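Accompanying notes for the structure given below.
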Amino acid sequence: MPPASPPSPRRDSVQQLLDDWKRERPDLDPWPLGIIGRLSRLSTHMVRHAEEWLAPMGLTWETFSLIVTLRRCGPEFALKPSDLIKVSLLTSGAVTNRIDRVQARGLVVREPDPNDRRGVIVRLTPEGKALADEAIARHFEAMAELLRPLGRQEADKLAAMLSTLLFAIEAGD
C-alpha cells in the first residue's frame with residue numbers, strides 16, 4: 001500500500017491571483033493583494049449572503065442599511081439626510097433614492113427639520129422599527145454563522161487587527 005500523500009493546502013480564489021502574479025511578474029511582491037483581495041472578495045460574498053436572508057423580509061442591502069442606521073441612532077430613530085450620507089458614505093442621490101424606496105414602503109417618514117426650515121428629518125415609522133429589529137437580529141445571526149469557521153477567539157483577534165488597519169487608513173483620510 002503506497003504511503004498517504006500529504007493533504008493539499010486549501011486554496012482560495014485569491015491564491016490563484018497571487019500565484020499568477022508571482023509567475024508573470026517575479027520582480028513584484030503581491031502580498032498586499034493577499035489581504036486586500038480577500039477583504040474585497042469577502043465583502044462581496046457577505047453582501048450577497050445578506051441579500052439572500054433579507055429578501056424574504058422584502059429588503060435589499062441598501063434598504064436594510066438605511067433602516068438599521070436609523071434604528072441604531074437611538075430613541076428618536078431619526079437623522080437628517082446629510083447625516084445618513086456621512087454614515088453610509090453614499091452620494092446624496094443614492095441616499096435620496098434609498099429614502100424614497102423605504103418611504104414608499106411606509107418604513108420611514110420625512111418630517112420638517114425644526115432647526116432648518118428648508119431641511120427634513122428622516123424618521124423610522126413603528127413598522128420600520130419593527131422590521132429593523134427583526135432584520136438586524138437575523139443579520140447578526142447569519143453573519144455569526146458565516147464567521148463560524150474562525151471560532152470566537154480567532155474572530156476577535158481578526159476584528160482587532162482589522163480595527164487597527166481601518167483606524168490607520170481612516171486617520172489618513
Side-chain angles (χ1 to χ4, degrees), residues 13 35-173:
S13 60
I35 296 170
I36 304 301
R38 286 181 176 101
L39 289 172
S40 178
R41 293 248 170 123
L42 284 167
S43 177
T44 300
H45 284 294
M46 296 293 181
V47 170
R48 184 176 51 79
H49 284 287
E51 291 274 1
E52 291 172 7
W53 67 69
L54 294 170
M57 292 181 261
L59 295 171
T60 63
W61 178 253
E62 290 78 20
T63 56
F64 164 77
S65 178
L66 186 133
I67 65 172
V68 299
T69 297
L70 291 170
R71 174 61 181 94
R72 73 180 161 86
C73 73
E76 294 296 316
F77 310 119
L79 290 171
K80 296 177 189 180
S82 59
D83 293 332
L84 281 167
I85 292 166
K86 289 175 193 170
V87 171
S88 65
L89 303 175
L90 293 172
T91 65
S92 59
V95 169
T96 298
N97 290 334
R98 192 181 287 187
I99 294 167
D100 289 344
R101 285 192 298 273
V102 175
Q103 185 175 16
R105 290 201 44 207
L107 303 176
V108 301
V109 293
R110 285 182 170 102
E111 300 173 345
D113 183 343
N115 301 316
D116 178 2
R117 58 188 175 140
R118 295 175 299 156
V120 297
I121 302 286
V122 180
R123 183 178 312 281
L124 274 179
T125 63
E127 296 82 8
K129 181 182 176 291
L131 185 56
D133 284 339
E134 177 186 350
I136 198 65
R138 175 66 184 115
H139 182 66
F140 288 158
E141 176 186 307
M143 295 298 283
E145 182 59 27
L146 286 175
L147 294 172
R148 188 175 46 81
L150 291 179
R152 186 59 188 255
Q153 192 172 17
E154 283 182 304
D156 289 345
K157 186 175 181 180
L158 177 60
M161 290 187 304
L162 291 172
S163 178
T164 298
L165 180 60
L166 182 59
F167 179 81
I169 291 171
E170 288 178 341
D173 286 346

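Just so it is clear, the model here is predicted, and its values are computed rather than measured.
For Leu165, the side-chain contact (heavy atoms from CB on, under 4.5 Å) partners two or more places apart in sequence, or in a different chain, are Ile169. Qualifying salt bridge (Lys or Arg N to Asp or Glu O under 4.0 Å) partners for Glu170, counting only residues two or more places apart in sequence or in other chains: none. Shown here are the side-chain contact (heavy atoms from CB on, under 4.5 Å) partners of Ala142, two or more places apart in sequence or in another chain: Trp53, Arg138. Not counting sequence neighbours, the partners of Glu145 by the salt bridge (Lys or Arg N to Asp or Glu O under 4.0 Å) test are Arg148. With sequence neighbours left out, the side-chain contact (heavy atoms from CB on, under 4.5 Å) criterion links Met46 to Met143, Leu146, Leu147. Under the rule for a side-chain contact (heavy atoms from CB on, under 4.5 Å), the partners of Glu51 that lie at least two apart in sequence or sit in another chain are Val47, Thr60, Trp61, Glu62.
Residues Pro114 and Ile121 come closest through the heavy atom pair CD-CG1, 4.4 Å. Of all heavy-atom pairs between Met57 and Ala135, the closest is SD-CA, 3.7 Å. In terms of heavy atoms, Thr125 sits closest to Gly106 at OG1-O, 2.7 Å.
Ile67 has its side chain within reach of Leu59: a pair of non-hydrogen atoms, C-beta onward, lies under 4.5 Å apart.
Contacts classified as salt bridge (Lys or Arg N to Asp or Glu O under 4.0 Å) and involving residues 91-106 (residues at least two apart or in different chains) are given here: Asp100-Arg110. Applying the side chain to side chain donor-acceptor pair (under 3.5 Å) rule to pairs touching residues 36-45 yields Asp12-Arg38, Ser13-Arg41, Gln15-Arg38, His45-Arg48, sequence neighbours excluded. Among residue pairs with one or both ends in residues 154-173, none qualify as ring pair (Phe, Tyr, Trp, His ring centres under 6.0 Å); sequence neighbours excluded. Residue pairs meeting the ring pair (Phe, Tyr, Trp, His ring centres under 6.0 Å) criterion with at least one member in residues 101-133, sequence neighbours excluded, do not occur.
A distance of 5.5 Å separates CG of Leu131 from CG of Leu107, quoted to the nearest 0.5 Å.
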Report the C-alpha separation of Val87 and Arg72 in whole Å, then their side-chain angles, then the decisive distance to 0.1 Å, and conclude whether the side chain to side chain contact (heavy atoms under 4.5 Å, CB included) test is met. CA-CA 11 Å; Val87 171; Arg72 73 180 161 86; 3.0 Å; yes
Report the C-alpha distance between Val108 and Leu124 in whole Å, list the side-chain angles of each, state the deciding distance to 0.1 Å, and finish with yes or no for side chain to side chain contact (heavy atoms under 4.5 Å, CB included). CA-CA 4 Å; Val108 301; Leu124 274 179; 4.1 Å; yes
### Message
Between Leu162 and Leu39, is the side chain to side chain contact (heavy atoms under 4.5 Å, CB included) condition met? List the steps.
### Response
CA-CA 10 Å; Leu162 291 172; Leu39 289 172; 3.8 Å; yes
Original post:
Does the side chain to side chain contact (heavy atoms under 4.5 Å, CB included) test come out yes or no for Leu84 and Leu70, once each step is laid out?
Top reply: CA-CA 8 Å; Leu84 281 167; Leu70 291 170; 4.2 Å; yes
Can you give each donor-acceptor pair under 3.5 Å made by side-chain atoms of residues 149-156, sequence neighbours left out, with the distance rounded to 0.1 Å?
{"unit_1": "Arg152", "atom_1": "NE", "unit_2": "Asp156", "atom_2": "OD1", "d": "3.1"}

Using atom types as modelled, flag every donor-acceptor pair under 3.5 Å from a side chain in residues 73-81 to any protein atom, sequence neighbours excluded.
{"unit_1": "Glu76", "atom_1": "OE1", "unit_2": "Arg123", "atom_2": "NH1", "d": "3.4"}

